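Residue numbering restarts at 1 for every chain, and letters A, B, ... go by the order of the sequence lines. Just so you know, these numbers come straight off a predicted model, no measurement behind them.
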There are 2 protein chains.
Amino acid sequence: MRCYHDNDYHIQIMTFQKEIDIFDYFIMSKGLKQSGQRRDILKTFLKTEKHLTADELFRLVKKKNPSIGVATVYRTIKLICDCGLGRELRLDNDSVRYEHFFNHDHHDHLYCTDCGELTEVVDREIEKLQQKLAKKAGFKMQGHRLIIHGICRKCS
Amino acid sequence: MRCYHDNDYHIQIMTFQKEIDIFDYFIMSKGLKQSGQRRDILKTFLKTEKHLTADELFRLVKKKNPSIGVATVYRTIKLICDCGLGRELRLDNDSVRYEHFFNHDHHDHLYCTDCGELTEVVDREIEKLQQKLAKKAGFKMQGHRLIIHGICRKCS
DNA sequence: TTATCTGCAAAGCCTTTGCACTTAG
DNA sequence: CTAAGTGCAAAGGCTTTGCAGATAA
């Protein structure tokens with residue numbers, strides 16, 4: 001699998017080495033054990049540029065490793081989020097989906113209520129104002145979720 | 001039941017007449033029928049200043065009308081949201097909660113990851129920037145959800 | 001009158017858990 | 001060697017649905 005790097009247009013093979021290291025270190029530091037299944041799940045997750053449900057991820061990993069069980073995927077995706085490589089998204093009227101941060105900076109979402117498409121966006125100024133708002137309320141901010149609902153260009 | 005009005009400190013009886021009218025009109029215009037259960041559920045919902053799960057709402061309504069069934073509450077809370085008197089909230093690691101808009105302007109939430117408390121906040125400037133952001137992306141904005149996670153004053 | 005609503009219980013999802021077996025460290 | 005991981009199937013929550021009787025319009 002290949003990818004363009006925005007900054008240098010250099011084609012490189014995606015090894016996810018950095019992410020695997022983070023995952024390995026996390027597992028190790030918690031006194032847990034690494035496994036082939038866990039690595040397969042992580043790689044498939046990072047490789048997929050979609051917001052997946054646990055079950056969708058399970059079906060994808062199954063192609064590479066047919067003996068895998070759903071429970072392992074559910075257990076592993078939580079670990080992946082715990083170590084900071086991904087996070088849960090809870091969209092309305094839908095089950096939980098997961099997204100990873102490989103080659104994605106922090107971002108918010110535009111959600112089309114018509115076609116269901118999710119677009120990633122960032123606005124530095126909104127981010128700053130959120131910090132200010134939290135501070136004013138005496139909140140030690142850890143993060144945020146912003147979803148803007150509407151009708152996308154294609155659907156309107 | 002009584003309440004203070006922020007603006008005039010005038011004590012008044014809460015009849016929710018305006019909200020009941022909105023609800024009635026919605027029901028009627030969809031060719032549906034009104035019922036005592038639906039009104040009980042709406043009133044209990046509006047009266048409660050907490051973000052309730054459907055089941056919590058069910059338990060509250062049961063006190064007033066012991067013969068009510070859960071299914072009716074699930075069915076009715078959806079109608080209440082559809083007619084614009086409330087909305088769903090999906091917090092992480094928690095089931096769906098509902099909030100109403102009686103005496104509440106549009107707001108966002110600060111969520112304390114320690115004690116779970118939800119605080120309502122508004123920032124006009126953030127709202128404006130969101131509009132701008134949506135517009136720039138060719139989005140016809142309908143609404144948004146913003147939750148800021150962190151540690152509240154009490155917990156830090 | 002008749003289409004809708006209701007409570008009940010059963011069914012459906014998604015997710016977690018208990019278990020016996022396997023495996024990493 | 002031993003604590004942790006795995007797949008499976010069963011169990012758990014929460015929510016929806018089918019149904020027969022009740023009820024609003």
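Distances shorter than 4.0 Å separate none of the side-chain N or O atoms of A/K78 from OP1 or OP2 on C/dT15. OP1 or OP2 of C/dT4 has not a single side-chain nitrogen or oxygen of B/R38 nearer than 4.0 Å. For D/dT15, one of the phosphate oxygens OP1 or OP2 lies less than 4.0 angstrom from a side-chain nitrogen or oxygen of B/Y74. At D/dT6, none of the side-chain N or O atoms of A/K33 fall inside 4.0 Å of OP1 or OP2 (strictly under the cut-off). Taking only side-chain nitrogens and oxygens, B/S35 never comes nearer than 4.0 Å to OP1 or OP2 of C/dT4. Listed pair A/R75 / D/dA4 fails the phosphate criterion, with no side-chain N or O lying under 4.0 Å from OP1 or OP2. Using a 4.0 Å cut-off, no side-chain N or O of B/S67 falls inside it from OP1 or OP2 of C/dT6.
Atom CZ in B/F58 sits roughly 15 Å away from atom C1' in D/dG13 (whole-Å rounding). In this structure, B/I27 places its CD1 atom 14 Å from C1' of C/dT6, rounding to the nearest Å. The distance between atom CZ of B/R39 and atom P of C/dT4, rounded to the nearest whole Å, is 18 Å. The nearest whole Å value for the distance from the CE atom in B/M28 to the P atom in C/dT4 is 15 Å. Rounded to a whole Å, the CD1 atom of A/I41 is 11 Å from the C1' atom of D/dG5. Between the NZ atom of A/K30 and the P atom of C/dA24 there is a distance of 22 Å, given to the nearest Å. Put simply, CZ on B/R59 is 12 Å from P on D/dG13, counting in whole angstrom units. For B/I68 and C/dT6, the CD1 to C1' distance is 9 Å, given to the nearest whole Å.
Projected onto DNA chain D by closest heavy-atom contact, B/A54 and B/G36 fall at different nucleotides, the more 5' of which corresponds to B/A54. Across the interface with DNA chain C, nearest-nucleotide mapping of B/G31 and B/V70 shows B/G31 to be the residue nearer the 5′ end. Both B/V96 and A/A71 lie close to DNA chain D; mapped to their nearest nucleotides by heavy-atom distance, the more 5′-ward contact belongs to A/A71.
In the displayed structure, A/K140 atom NZ is contacted under 6.0 Å by at most 12 heavy atoms of other residues, nucleotides or ligands. Counting non-hydrogen atoms of other residues, nucleotides and ligands closer than 6.0 Å to NZ of B/K64 gives a total above 12. Within 6.0 Å of CD on B/E125 lie no more than 12 heavy atoms contributed by other residues, nucleotides or ligands.
Here the side chain of B/Q37 is nearest to one of C/dT6, C/dT15, C/dG25, namely C/dT6. Listed nucleotides: D/dG5, C/dT15, D/dA9. Nearest to the side chain of A/L32: D/dG5.
With rounding to the nearest 0.5 Å, the separation of CG in B/L89 from CG in B/L52 is 10.5 Å.
There is no path of hydrophobic side-chain contacts, each under 4.5 Å, that joins A/F139 to B/L118.
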